[in-house]
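This one's a predicted model, so the numbers in the text were calculated from it and none came from an experiment. Computed over heavy atoms, backbone and side chain alike; hydrogens, waters and symmetry mates excluded.
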Number of protein chains: 2
Amino acid sequence: MNILEKIADELDTFSKSERKVAEVILSSPGTVIHASIAALAKQANISEPTVNRFCRRLDTKGYPDFKLHLAQSLANGTPYVNRHVDENDTADEYTDKIFESTMANLELARKSLDANVINRSVDVLTQANKISFFGLGASAVVAHDALNKFFRFNVPVVYFDDILMQRMSAINSRQGDVVVVISHTGRTKSLVEVASLAKENDAIVIGITTAGSPLAKECNIVLSVDVAEDTDLYMPMSSRIAQLALIDVLATGFTLRRGTKFRENLKKVKDSLRSSRFERKD
Amino acid sequence: MNILEKIADELDTFSKSERKVAEVILSSPGTVIHASIAALAKQANISEPTVNRFCRRLDTKGYPDFKLHLAQSLANGTPYVNRHVDENDTADEYTDKIFESTMANLELARKSLDANVINRSVDVLTQANKISFFGLGASAVVAHDALNKFFRFNVPVVYFDDILMQRMSAINSRQGDVVVVISHTGRTKSLVEVASLAKENDAIVIGITTAGSPLAKECNIVLSVDVAEDTDLYMPMSSRIAQLALIDVLATGFTLRRGTKFRENLKKVKDSLRSSRFERKD
DNA sequence: TAATTATGAAATAAATTTTCATTATTCTCG
DNA sequence: CGAGAATAATGAAAATTTATTTCATAATTA
C-alpha cells in the first residue's frame with residue numbers, strides 16, 4: 001500500500017506527537033520530501049527523535065527511507081485507474097478517461113493471464129488442422145480480428161458471428177480441430193451450446209472468457225481475462241480490447257513456435273498487399 | 001522527463017567517471033535508492049565527490065535529492081515502452097511485451113488526439129441521418145466494432161468490409177450522411193476512392209487514419225491516431241487497438257451529447273439481451 | 001502511586017558536501 | 001608533431017549537515 005494512504009489509515013493509532021507529524025505530512029507531502037528531519041520536526045512542533053520513531057512505525061528504516069517511500073507515493077500521482085466518464089466531461093476529459101481506463105484494464109488483464117495456459121493454447125493452435133473463432137456482439141469483433149491474424153498463417157481458419165453457422169460448424173468439427181469461443185461474460189446461452197457441441201465432436205475448445213462461467217465449464221482450455229466491469233454507458237469497452245491483446249499474444253506465440261522460415265512467409269503476405277496501396281514518397 | 005531516461009539520454013556527455021556511476025545506476029536503480037553515496041561510489045569504483053557532482057549535473061540538489069528523483073522514476077513502474085518480441089522469448093515474456101507495447105501505444109495515441117477534432121466529429125455524428133463505417137483487413141475489425149457500438153444508438157448505421165459494397169454505398173450517399181473511413185496507413189487505394197466518392201456525393205467523410213496520408217486528403221475531418229510502427233511480426237497490432245479506443249471515445253461523446261434520456265434507452269438495449277444469457281447466481 | 005509509555009535534550013554516529021591538492025586531458029603555439 | 005600552458009576531472013581529507021541513539025524526564029494509564 002501507498003505510504004500516504006497508510007498514514008491516513010493509521011491516523012488513529014498514532015500518539016499525540018506522531019499525529020502532529022502525520023498531519024504535516026499529509027497536508028503537504030510535496031514539501032516534506034525536500035525537508036530535513038530537523039525541518040519537519042520544527043514544523044510539527046515536536047522533536048527529531050519523534051519524527052524518526054514515526055518513520056520506523058511505518059515500517060521504514062528511518063527518515064531518509066521514509067522520504068523515499070513518500071516520494072514514490074507522490075510519483076504514482078496518476079497511475080492508470082478506471083475513471084468513469086461523467087455527464088459534464090469535456091471531450092478532453094472523457095478522451096483521457098477512456099484511454100486511461102483502457103490502459104488500466106490492460107494492466108489488470110495482463111496480470112490475470114497465466115503463461116502456462118497461453119503456452120498450452122499456443123501448443124494446441126499450432127497443431128490444429130482447422131481453427132474456428134466464434135463470438136457474438138462485441139466478441140464477434142474479437143473473433144473477426146483473430147481471423148485476420150490467423151488467416152495470414154496459412155492455416156485453415158474460419159470465423160462466424162452467426163448462431164446457426166456456428167452451430168453447424170461446431171457439429172461438423174472433428175478430432176484435430178480447435179474451436180476458440182469468445183465471450184466476456186461466458187453466459188451467452190447459444191455460445192455455451194456451441195462450445196459444448198464442438199467438444200462433443202472431439203474438437204479442442206479454447207474459451208476466452210471469465211473463469212468459472214458456464215462457458216468456461218464447457219472448455220478444454222480457459223483463457224480468462226480479468227477486467228473491471230464495463231459499467232460505462234452500458235457498452236462493452238475494455239473487455240474486448242483486453243481480448244484483442246490476448247489474440248495478439250496467441251498470434252505471436254504461434255509465429256514464434258513456427259520458427260524463422262515461417263515468419264519470412266508472413267513478410268511475403270504483407271508485401272503482397274503492396275500493389276493495392278499508394279506508394280509512400282519518403 | 002524521468003531522471004532515468006535523462007541519464008540514459010545524456011550518457012555521452014558524461015565524463016569517464018560519471019559514466020561509471022551512470023551505468024551502475026541504470027543497471028540496478030532499485031538498489032541505488034537504498035544505497036549511501038559511499039556505497040554507490042565504491043560500487044562504481046569512483047570517489048564520493050564524483051557521485052555528488054554527477055547528481056548536481058542532473059539538476060538535483062545533491063545525492064539525497066537525486067535519490068528522491070530516482071525513487072519517483074521507479075515508482076511509475078517501468079513506464080510502458082515499446083519492446084519488441086524476440087525469437088527466444090518465453091510465453092511470459094512475449095505476453096508482457098505485447099501488453100506493454102499496446103499500453104505504450106495507447107498512451108502515444110492519446111497524446112496525439114485533438115479534442116477539437118473529436119468534438120467536431122461527435123457533432124457531425126450526432127447530426128447524421130445515416131452513418132457508415134468502412135474499413136478493410138485489420139481496419140474492418142474496427143469498423144465492425146463501430147457498428148456494434150453505434151447500432152445501439154438507434155441511428156441508421158451500416159458497415160462494409162467489401163470493396164464493392166463500400167463503393168455502392170458511397171455512391172448512394174447524400175447530404176446529411178456521414179461516412180467514417182478507417183485505414184491506419186491511409187494508402188489503401190480502394191478506400192481512398194470510396195472516401196472521394198462519398199465526398200463527391202455530399203456525405204461528410206471522417207477519416208480515422210494517419211495525418212497527411214492520401215486518405216486524409218479526401219476527408220472532411222481527419223482523426224489521426226499516432227502509434228509506433230507495427231513492426232512486430234508484420235501484423236497490425238497496436239494501431240487497431242488505438243483505433244478501437246478512439247471508437248469508444250466517439251461513442252461516448254455521442255451518448256453524452258444526446259443526454260440523459262438517451263442513455264436510459266441504452267440500458268434498455270442492454271437489458272433486452274438478458275434472456276439470451278444464463279443468470280448469474282451471485 | 002507505581003508502571004508504562006511518550007517525549008525531547010544532548011551525545012553520538014552516519015552521511016553528505018566542501019575544500020583543496022593532484023592528476024588527467026585538451027588546447028595552443030613554436 | 002610535440003612541449004607545455006590552460007583547463008577540466010578526480011579523490012583524500014576536513015567540515016558540515018543530517019540522522020540516530022541514549023538516557024533522563026514528563027505524561028499517561030492502570
Side-chain angles (χ1 to χ4, degrees), chain A residues 3-4 6-26 28-74, chain B residues 3-4 6-26 28-74:
Chain A
I3 199 149
L4 268 174
K6 196 169 172 183
I7 295 172
D9 207 55
E10 298 186 12
L11 207 58
D12 320 323
T13 75
F14 293 145
S15 73
K16 217 186 321 175
S17 306
E18 283 170 338
R19 194 156 328 144
K20 284 192 207 163
V21 215
E23 267 152 22
V24 171
I25 294 168
L26 288 175
S28 62
T31 319
V32 172
I33 57 170
H34 294 117
S36 69
I37 190 167
L40 176 57
K42 197 171 167 196
Q43 172 130 51
N45 263 305
I46 50 142
S47 72
E48 298 170 32
T50 302
V51 175
N52 191 275
R53 283 187 284 260
F54 172 84
C55 297
R56 296 229 170 103
R57 222 163 165 318
L58 287 139
D59 301 316
T60 65
K61 292 177 68 179
Y63 184 67
D65 189 43
F66 170 79
K67 286 209 292 186
L68 243 44
H69 282 267
L70 195 57
Q72 294 190 319
S73 304
L74 291 179
Chain B
I3 200 148
L4 268 175
K6 196 169 172 183
I7 295 172
D9 208 54
E10 298 186 13
L11 209 56
D12 321 320
T13 75
F14 292 145
S15 74
K16 218 185 321 175
S17 306
E18 283 171 339
R19 194 157 325 143
K20 285 192 206 162
V21 214
E23 267 152 22
V24 171
I25 294 168
L26 288 176
S28 61
T31 321
V32 172
I33 58 170
H34 294 118
S36 69
I37 191 167
L40 176 56
K42 196 171 167 196
Q43 172 130 50
N45 262 304
I46 50 143
S47 72
E48 298 170 31
T50 301
V51 175
N52 191 275
R53 281 186 285 259
F54 172 84
C55 297
R56 296 231 169 103
R57 223 163 164 318
L58 288 140
D59 302 316
T60 65
K61 291 176 67 180
Y63 184 67
D65 189 42
F66 170 79
K67 286 208 292 187
L68 243 43
H69 283 265
L70 195 57
Q72 293 190 320
S73 303
L74 292 178

Dot-bracket assigned to DNA chain D with the 3.5 Å Watson-Crick/G-U criterion, [ ] for crossing and | for other-strand pairs, is ||||||||||||||||||||||||||||||
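Annotation for Leu11(B) and Ala22(B): closest pair CD1-CB, 3.6 Å, computed over non-hydrogen atoms. Contact between Ile25(B) and Phe66(B) at its shortest, heavy atoms only, is CD1-CZ, 3.6 Å.
Between Lys16(A) and the phosphate of dT28(D), there is a side-chain N or O to OP1/OP2 separation shorter than 4.0 Å. Considering only side-chain N and O atoms, Ser17(A) lies under 4.0 angstrom from the phosphate OP1 or OP2 of dT7(C). Using a 4.0 Å cut-off, no side-chain N or O of Ser36(B) falls inside it from OP1 or OP2 of dA15(C). Side-chain nitrogen and oxygen atoms of Arg19(B) include none within less than 4.0 Å of the OP1 or OP2 phosphate oxygen of dT10(D).
Applying the side-chain hydrogen bond (donor to acceptor under 3.5 Å, both in side chains) test to Ser47(A) and every residue at least two apart in sequence or in another chain returns Thr50(A).
A straight line from NZ of Lys42(A) to P of dA19(D) spans 15 Å, rounded to a whole angstrom. Between the P atom of dA9(D) and the CD atom of Glu18(B) lies a distance of 7 Å, rounded to the nearest Å. Distance, Phe66(A) CZ to dA19(D) C1': 15 Å, rounded to whole Å. One atom, CZ of Arg56(A), and another, P of dA19(D), lie 12 Å apart when rounded to the nearest Å. In this entry the distance linking CD1 of Ile33(A) with P of dA19(D) reads 14 Å, nearest Å. Taking atom CG of Leu40(B) as the reference point, atom P of dA14(C) lies 20 Å away to the nearest angstrom. A straight line from CG of Asn52(B) to P of dA12(D) spans 15 Å, rounded to a whole angstrom. Summarising the geometry, the separation between CD on Glu48(B) and C1' on dT18(C) is reported as 13 Å, rounded to the nearest angstrom.
Looking at heavy atoms from C-beta onward, His69(B) lies out of side-chain contact with Leu58(B) at the 4.5 angstrom threshold. When side chains are defined from C-beta on, Arg57(A) counts as touching Thr13(A), because their heavy atoms get closer than 4.5 Å. Annotation: side chain of Leu40(A) is in contact with side chain of Tyr63(A) (closest heavy-atom distance under 4.5 Å).
Not one N or O on the side chain of Lys67(A) forms a donor-acceptor pair closer than 3.5 Å with the backbone of Asp65(B).
Toward the 5' end of DNA chain D, the nearer of the two residues Tyr63(A) and Ser15(B), judged by each one's closest nucleotide, is Ser15(B).
Within 4.0 Å (heavy atoms only), Arg57(B) reaches no atom of the nucleic acid at all.
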